[in-house]
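This report refers to the structure that appears directly beneath it.
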Amino acid sequence: MGYQFTIVSPDIDEKAIRLEKPDDLVMALAHAKAEAIKRKLQDKCLSNKEVEGEPTLLITSDQVMVNRGMIREKPLNEQEAREFIKGYSGNFAVAVGYVLVTNLKTGVQKGKWDKPEIHFHGIPDEVIERVIKVREITNVAGGFRMEHPLAAPYVKEVVGAMDSVMLLFQFCEV
């Protein structure tokens with residue numbers, strides 16, 4: 001496509017930003033990440049395109065799962081991952097995601113939410129125990145990477161785009 005990407009970690013304490021509404025939380029986190037990365041770019045002048053006068057776009061995002069009215073971020077431990085996955089069993093969750101694009105030349109920012117629903121089959125306890133032992137499955141918002149071969153058979157339906165559930169994971173792993 002002719003685009004060059006540089007992945008920069010914002011290195012922010014996401015737990016320091018707490019808001020009750022999932023829409024507000026993911027938007028605030030995406031904005032905080034953008035501000036932190038902009039500071040890094042200014043400090044280290046990582047953006048060669050900016051020097052050449054070409055616009056550089058900064059893309060930040062955040063996502064949480066909402067299940068039974070509760071916001072589910074990355075689980076802190078196996079017990080929390082177990083609770084999250086048991087809550088999905090035979091139920092559904094909403095992946096509340098927000099993507100923010102910042103033009104570093106003009107400062108203009110545009111953001112948008114997406115909220116696909118994921119409906120789940122019943123997930124047996126023995127499967128939950130196997131899943132929580134695989135860190136790559138549980139180290140995501142909501143604690144259940146649904147495209148993983150151990151998890152995928154228990155996804156009944158996605159109402160919305162699968163890309164929305166995965167958000168920006170196709171570009172980088174966090």
Side-chain angles (χ1 to χ4, degrees), residues 5 7 9-10 12-34 36-37 58-102 109-174:
F5 293 94
I7 298 170
S9 174
I12 65 168
D13 178 8
E14 293 187 29
K15 296 294 183 191
I17 300 171
R18 300 289 89 195
L19 297 168
E20 289 184 28
K21 294 181 181 175
D23 295 39
D24 295 343
L25 177 60
V26 294
M27 183 175 69
L29 287 167
H31 277 274
K33 290 173 183 180
I37 292 171
L58 171 62
I59 303 170
T60 55
S61 66
D62 201 75
Q63 183 178 60
V64 296
M65 298 294 280
V66 178
N67 174 248
R68 301 173 193 237
M70 300 291 296
I71 294 174
R72 305 293 193 199
E73 297 179 81
K74 288 181 186 174
L76 299 173
N77 52 45
E78 286 186 3
Q79 180 57 36
E80 195 169 58
R82 185 179 293 109
E83 290 172 23
F84 289 3
I85 298 168
K86 282 181 182 250
Y88 305 144
S89 182
N91 205 318
F92 76 97
V94 178
V96 179
Y98 185 82
V99 177
L100 177 68
V101 179
T102 304
Q109 294 182 313
K110 299 282 183 185
K112 187 171 182 179
W113 291 269
D114 201 6
K115 302 176 191 178
E117 286 185 8
I118 304 98
H119 295 257
F120 297 93
H121 295 289
I123 307 170
D125 287 344
E126 57 273 8
V127 171
I128 293 172
E129 292 307 313
R130 282 197 347 238
V131 163
I132 63 172
K133 299 296 182 197
V134 182
R135 185 89 174 122
E136 70 184 66
I137 299 176
T138 60
N139 193 29
V140 295
F144 197 67
R145 185 181 305 264
M146 59 184 249
E147 70 275 12
H148 190 281
L150 278 177
Y154 300 97
V155 176
K156 182 177 184 179
E157 175 185 23
V158 175
V159 179
M162 181 66 162
D163 287 348
S164 295
V165 176
M166 294 175 62
L167 208 53
L168 296 178
F169 286 115
Q170 47 272 58
F171 292 109
C172 66
E173 288 296 314
V174 192

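Only this structure's heavy atoms are used, side chains among them; waters, hydrogens and symmetry mates stay out.
To the nearest 0.5 Å, atom CZ of residue F84 and atom CD of residue Q79 are 10.5 Å apart. If you take OG1 on T138 and CD1 on I128, they are separated by 12.5 Å, rounding to the nearest 0.5 Å. Interatomic distance, I137 CD1 to L150 CG, rounded to the nearest 0.5 Å: 4.5 Å. Separation of atoms CD1 (I12) and CD1 (I37) is listed at 8.5 Å; rounding is to 0.5 Å. Summarising the geometry, atom NZ belonging to K21 is positioned 10.5 Å from atom CE belonging to M27; distances are rounded to the nearest 0.5 Å. Once rounded to the nearest 0.5 Å, the distance linking CG of D62 with CG of L29 reads 4.5 Å.
Counting heavy-atom neighbours within 6.0 Å of E20 CD, excluding the residue itself, gives a total of 12 or less. Heavy atoms from other residues, nucleotides or ligands lying under 6.0 Å from NZ of K110 number 12 at most.
Looking at K33, its side chain does come within 3.5 Å of a backbone N or O of S61 through a donor-acceptor pair. Remark: side-chain polar atoms of T60 are paired, donor with acceptor, to backbone N or O of A30 under 3.5 angstrom.
In this structure, the side chain to side chain contact (heavy atoms under 4.5 Å, CB included) partners of K133, at least two apart in sequence or on a different chain, are E78. Residues passing the side chain to side chain donor-acceptor pair (under 3.5 Å) test with E136, sequence neighbours excluded: H148.
Residues Y154 and G122 approach most closely at CD2-O, 3.3 Å, considering heavy atoms. A81 and I132 get closest at one heavy-atom pair: CB-CG2, 3.9 Å. The two residues A36 and P10 come nearest to each other via the heavy atoms CB-O, 3.5 Å. In plain terms, the two heavy atoms of A151 and F144 that are nearest each other are CB-CZ, 3.4 Å. The two residues L25 and I17 make their nearest non-hydrogen contact at CD1-O, 3.4 Å. Contact record, L19 with A28: CD1-CB, 3.6 Å, taken as the closest heavy-atom pair.
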With side-chain contact (heavy atoms from CB on, under 4.5 Å) as the criterion, how do E157 and E117 come out once you've worked through the C-alpha distance, each side chain's angles and the decisive distance to 0.1 Å?
CA-CA 8 Å; E157 175 185 23; E117 286 185 8; over 6 Å; no
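Residues D125 and K86 are in side-chain contact: their nearest non-hydrogen atoms beyond the backbone lie under 4.5 Å apart. In this structure the side chain of V96 reaches within 4.5 angstrom of the side chain of D23, judged on heavy atoms. Two residues are said to be in side-chain contact when any heavy atoms from C-beta on lie closer than 4.5 Å; I118 and V155 meet this criterion. M65 has its side chain out of reach of M70: every pair of non-hydrogen atoms, C-beta onward, lies at least 4.5 Å apart. Using a 4.5 Å heavy-atom cutoff, the side chains of V66 and K115 are not in contact.
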Considering only distance and modelled atom types, tabulate donor-acceptor pairs under 3.5 Å from the side chains of residues 88-95, sequence neighbours left out.
from	atom 1	to	atom 2	distance (Å)
Y88	OH	G142	O	2.7
S89	OG	I123	N	2.7

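Here K74 does not pair with E80 in a salt bridge; the nearest charged N to carboxylate O distance is not below 4.0 Å. Using a 4.0 Å cut-off between charged nitrogen and carboxylate oxygen, R18 and E73 count as a salt-bridge pair.
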